[in-house]
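Nothing fancy with the numbering, it's 1 onward along the sequence. Please read all numbers here as calculations on a predicted model, not as lab measurements.
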Amino acid sequence: CRVGGSIPYNLQINYFSSLQTNLPIFKLKESCVRRRYSDFEWLKNELERDSKIVVPPLPGKALKRQLPFRGDEGIFEESFIEERRQGLEQFINKIAGHPLAQNERCLHMFLQEETIDRNYVPGKVRQ
């Protein structure tokens, strides 16, 4: 999986997650979806709650970067966005590469569906 970052006009940081796979468990062999940091948090929480895998940590929250009167651009600073992008890419690659996680419906939704249905029914994906 590859993760890319961007700042759209409304000043929210979005990440684009693209997947290329030959694993038969995934219905799409290529996909690209837009995700926020909170979507990565959602995926982590879902996997911790419903799966039996050890979920790796996400890159840290940017609480101090959101304080007013900083001397830099805070969460919109390019070096911060790039550092977080790398951390999110490492996170999603560890998850997507885990054989047990590959069966989780939440991972499939995260990687291959345009929107995340937070009211979905957790469960396993069947081949």
Side-chain angles (χ1 to χ4, degrees):
C1 294
R2 301 272 311 143
V3 175
S6 71
I7 304 173
Y9 64 91
N10 61 358
L11 295 181
Q12 292 180 343
I13 300 172
N14 289 287
Y15 299 93
F16 295 89
S17 179
S18 60
L19 169 74
Q20 286 187 311
T21 184
N22 59 3
L23 295 172
I25 189 85
F26 290 99
K27 66 181 179 185
L28 300 175
K29 298 307 167 204
E30 291 186 25
S31 62
C32 184
V33 293
R34 181 181 5 200
R35 297 290 181 245
R36 303 276 325 268
Y37 182 83
S38 60
D39 296 325
F40 285 86
E41 289 180 311
W42 171 84
L43 176 61
K44 182 179 188 310
N45 291 335
E46 290 298 301
L47 290 169
E48 287 175 337
R49 184 185 73 198
D50 294 322
S51 73
K52 304 219 181 322
I53 68 169
V54 176
V55 182
L58 285 168
K61 299 275 289 176
L63 300 176
K64 290 183 180 178
R65 288 189 169 273
Q66 296 176 26
L67 296 173
F69 311 114
R70 290 180 52 94
D72 60 17
E73 295 183 46
I75 63 170
F76 302 111
E77 191 172 306
E78 283 186 38
S79 62
F80 170 73
I81 293 171
E82 177 58 18
E83 185 177 309
R84 180 178 266 185
R85 184 203 65 76
Q86 289 176 4
L88 293 173
E89 188 171 297
Q90 289 173 355
F91 168 81
I92 201 65
N93 279 325
K94 286 179 183 175
I95 296 297
H98 195 291
L100 295 177
Q102 291 169 2
N103 295 315
E104 295 295 333
R105 191 171 290 150
C106 60
L107 178 64
H108 286 250
M109 187 174 10
F110 181 89
L111 290 174
Q112 299 198 311
E113 295 184 20
E114 196 64 35
T115 59
I116 294 175
D117 176 7
R118 296 186 189 248
N119 296 316
Y120 85 111
V121 177
K124 307 288 184 218
V125 173
R126 304 271 181 233
Q127 278 186 330

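Within the structure, the side-chain hydrogen bond (donor to acceptor under 3.5 Å, both in side chains) test picks out no pair touching residues 105-115 (sequence neighbours left out).
Judged by distance alone, with hydrogens and angles left aside, the side-chain atoms of Asn45 form no donor-acceptor pair with the main-chain N or O of Trp42 at under 3.5 Å. Checked by atom type and distance alone, the side chain of Ser51 never pairs as donor or acceptor with a backbone atom of Ala101 at under 3.5 Å.
Annotation: side chain of Val125 is not in contact with side chain of Phe26 (no heavy-atom distance under 4.5 Å).
Among residues two or more places apart in sequence or in another chain, the side-chain hydrogen bond (donor to acceptor under 3.5 Å, both in side chains) test is passed with Glu48 by Lys44. Checked against side chain to side chain contact (heavy atoms under 4.5 Å, CB included), Pro122 has the following partners two or more places apart in sequence or in another chain: Glu46, Arg49, Asp50, Tyr120. When the side-chain hydrogen bond (donor to acceptor under 3.5 Å, both in side chains) test is applied to Glu104, the partners found at least two apart in sequence or on another chain are Lys124. Under the side-chain hydrogen bond (donor to acceptor under 3.5 Å, both in side chains) criterion, Glu82 pairs with Arg85, Gln86, not counting sequence neighbours. Every residue meeting the side chain to side chain contact (heavy atoms under 4.5 Å, CB included) condition with Asn119, not counting sequence neighbours, appears here in chain and number order: Asp117.
Cation-pi geometry between Arg35 and Phe40 is not met at under 6.0 angstrom from the ring centre and within 45 degrees of the axis.
Between Leu88 atom CG and Ile81 atom CD1 the span is 11.5 Å, to the nearest 0.5 Å. Once rounded to the nearest 0.5 Å, the distance linking OG1 of Thr21 with CD of Gln102 reads 7.0 Å.
When all heavy atoms of Ile92 and Leu43 are compared, the closest pair comes out as CD1-CD2, 3.6 Å. For the residue pair Pro56 and Phe91, the shortest heavy atom distance occurs at O-CE1, 3.4 Å. Contact detail for Leu111 and Ser31: the closest heavy-atom pair is O-OG, 2.8 Å. Closest approach of Phe110 to Asp39, counting heavy atoms only: CE1-O, 3.6 Å.
Other residues, nucleotides and ligands place no more than 12 heavy atoms under 6.0 Å from the CD atom of Glu83.
There is no path of hydrophobic side-chain contacts, each under 4.5 Å, that joins Leu107 to Val33.
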